[in-house]
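Chain letters run A, B, ... following the sequence lines, proteins first and then strands; every chain starts at 1.
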Number of protein chains: 2
Amino acid sequence: MCQLLGMNCNVPTDICFSFEGFSQRGGGTDEHRDGWGIAFFEGKGCRNFVDILPATHSPVAHLVKEYPIKSLNVIAHIRKATVGKIRLENTHPFVRELWGHYWIFAHNGDLKDFIPPLLTDFQPVGETDSEQAFCLLLQELKDRHPGGMPTLPALHRTLCATAAKIAAYGSFNFILSNGKHLFAHGSTQLSYIVRRHPFGQAHLVDKDITVDFREVTTERDQVAVIATAPLTDNESWTLIPPGTLVVFQNGLPLISNSGR
Amino acid sequence: MCQLLGMNCNVPTDICFSFEGFSQRGGGTDEHRDGWGIAFFEGKGCRNFVDILPATHSPVAHLVKEYPIKSLNVIAHIRKATVGKIRLENTHPFVRELWGHYWIFAHNGDLKDFIPPLLTDFQPVGETDSEQAFCLLLQELKDRHPGGMPTLPALHRTLCATAAKIAAYGSFNFILSNGKHLFAHGSTQLSYIVRRHPFGQAHLVDKDITVDFREVTTERDQVAVIATAPLTDNESWTLIPPGTLVVFQNGLPLISNSGR
């Protein structure tokens, strides 16, 4: 199993604090040693840093912690290999282009005997069930919306329907973003927190670090952080119910289907 | 105009020496200050580091220089913006997936009034003529070879034909790789050198650094380095004639069409 981290904001924000705690789980406080990755949207562009070293030892992870890249949408993943060897092509997040936008995806869970129908436009490069699921999500979007990017409710409906089909094969917690919206699908465990005015202090679970958000924010800032397991021990995180796909925009949960 | 750097080898090799000289041209010895990027294949996977800061100032470039990532195929680019603003989505190399393989592309040149036919499967995310050209190359490959990755001669023929069509719009020096082969298309200026046994010393043009390859190689190593302008001043580089697409494999030029 793996661990997920996502962030969606209304102003470009760095993820250094959350990533500091999260990356400890990649070989420090937890066993997810089989690579890690983090993708940042900056405008329509994106950067995807991936590495097969444990996040606690990776020079690239060190850079990410030291270099405050500001972004509206971030997805990170630390891996404990289940399906697929420890190779770069099996390392999340995965990136593809659809409708002139990059899409970024990371998954936590196991899909048993998941062999999706023939994929033509999006083919997996690596061996993971996760990348197959990502390709199927994009193929369904492309097939059902041949005119290009649909409205958000239509996008949400197609993603919900496809996610439900895939989730029949096992646990399918995932985070997906097209640079504007961030979609978080709960299957077994995925929680989020929204930080907004009035801000307070937060203390990491995985490392004895406290940040006082009052010192680094303005009254208008809104930041949603999504993670497999809560990253802080003095804030109240909301569990995403199984079968629910929550859409985040501008740092707030916008729409979600009812849990199944 | 921009500058290109590529490397193709028969054993995984780091590009630290060449990149040390090349990156000086990104705001140091030359004027290419508008971002830079470098993509490495590692097996079927790839890492793409892009940044809008000048390569001489970028913390990410610093990481690339200090962290010897070993790869069989590398493409790097430093940008002087002509078409498209200084934004991450306009920064080369560009990456797409086709036939279950990543493809990496970087371009040097200007294409005037280049508006390719409607692109459905590969759409540009940014504003550059370069990304449009990349999308057209991939679209032609996909359309002409619906059965998947063709033989190398067939791949070479399709790329040659499409490159010639695009080059009618201006200068079209590019480097492209699918992780196995590296394709270098000469239009105005692009040169390469092959280093193999017996190895000697090389001295950078852009920084007073000499490396003795005898100390860091074995007799079997073969490394081809491709660059807009020669990176060393004591070796003999070969100019790729205009209209020629050279394929590199295992560190050697394998096939090329005749120059037009």
Side-chain angles (χ1 to χ4, degrees), chain A residues 35 37 39-53 58-64 66-69 71 84-92 94-103 119-128 131-132 134-135 138 142 146-149 178-179, chain B residues 35 37 39-53 58-64 66-69 71 84-92 94-103 119-128 131-132 134-135 138 142 146-149 178-179:
Chain A
F40 300 83
F41 272 103
E42 287 174 70
K44 292 186 74 183
C46 81
R47 311 187 200 230
N48 189 20
F49 296 94
V50 281
D51 205 359
I52 56 171
L53 294 177
S58 159
V60 188
H62 184 75
L63 170 82
V64 169
E66 298 294 314
Y67 181 36
I69 296 172
S71 172
K85 302 188 185 75
I86 302 173
R87 288 187 179 159
L88 207 63
E89 65 264 32
N90 294 332
T91 306
H92 312 219
F94 300 102
V95 182
R96 292 289 192 281
E97 173 268 315
L98 171 64
W99 302 321
H101 293 266
Y102 291 119
W103 294 72
L119 300 164
T120 54
D121 296 316
F122 305 96
Q123 291 182 28
V125 173
E127 305 157 326
T128 64
E131 194 185 7
Q132 296 229 1
F134 179 37
C135 290
L138 294 180
K142 186 171 177 183
M149 187 83 80
N178 60 3
Chain B
F40 301 82
F41 273 103
E42 286 172 72
K44 292 186 74 182
C46 81
R47 314 187 198 229
N48 188 20
F49 297 95
V50 283
D51 204 1
I52 56 171
L53 295 176
S58 160
V60 188
H62 184 73
L63 171 80
V64 170
E66 298 294 315
Y67 181 36
I69 296 172
S71 172
K85 301 189 185 74
I86 303 173
R87 288 185 179 161
L88 206 63
E89 65 263 31
N90 295 332
T91 306
H92 312 219
F94 302 102
V95 182
R96 292 289 192 281
E97 172 269 314
L98 171 62
W99 301 320
H101 292 265
Y102 291 121
W103 294 72
L119 300 165
T120 54
D121 295 316
F122 305 94
Q123 292 182 27
V125 173
E127 306 158 325
T128 64
E131 195 185 6
Q132 297 228 1
F134 179 38
C135 290
L138 293 181
K142 187 172 176 182
M149 187 84 79
N178 61 2

Which bit of A/Glu66 comes within less than 4.5 Å of chain B, counting heavy atoms only: side chain, backbone, both or neither?
neither
Measure distances from A/Asn48 to the heavy atoms of chain B and classify the residue's part below 4.5 Å as side chain, backbone, both or neither.
backbone
[X] portion near chain A, given a 4.5 angstrom heavy-atom threshold:
{"X": "B/Arg47", "result": "both"}
{"X": "B/Thr120", "result": "backbone"}
{"X": "B/Cys135", "result": "neither"}
{"X": "B/Pro124", "result": "backbone"}

Sort out for me which of B/Lys142, B/His62, B/Arg87 touches chain A most, counting heavy-atom pairs under 4.5 Å.
B/Lys142
Residue among B/Leu88, B/Val125, B/Val60 with most heavy-atom pairs under 4.5 Å to chain A:
B/Val125
Can you check whether A/Asp51 reaches B/Tyr67 side chain to side chain, under 4.5 Å on heavy atoms?
yes
Given the options A/Gly126, A/Gly37, A/Cys46, A/Gly43, which has more heavy-atom pairs under 4.5 Å with chain B than any of the others?
A/Cys46
Between A/Asp121, A/Asn90, A/Ile69, who has the most heavy-atom pairs with chain B when the cutoff is under 4.5 Å?
A/Asp121
Passing candidate, side chain to side chain contact (heavy atoms under 4.5 Å, CB included) with A/Glu89, options B/Lys44, B/His101, B/Glu42
B/Lys44
Per side chain to side chain contact (heavy atoms under 4.5 Å, CB included), B/Glu97 is matched among A/Arg96, A/Glu131, A/Glu97 by A/Arg96
Which residues satisfy the ring-ring contact (aromatic ring centres under 6.0 Å, His included) test with A/Phe41, sequence neighbours excluded?
none
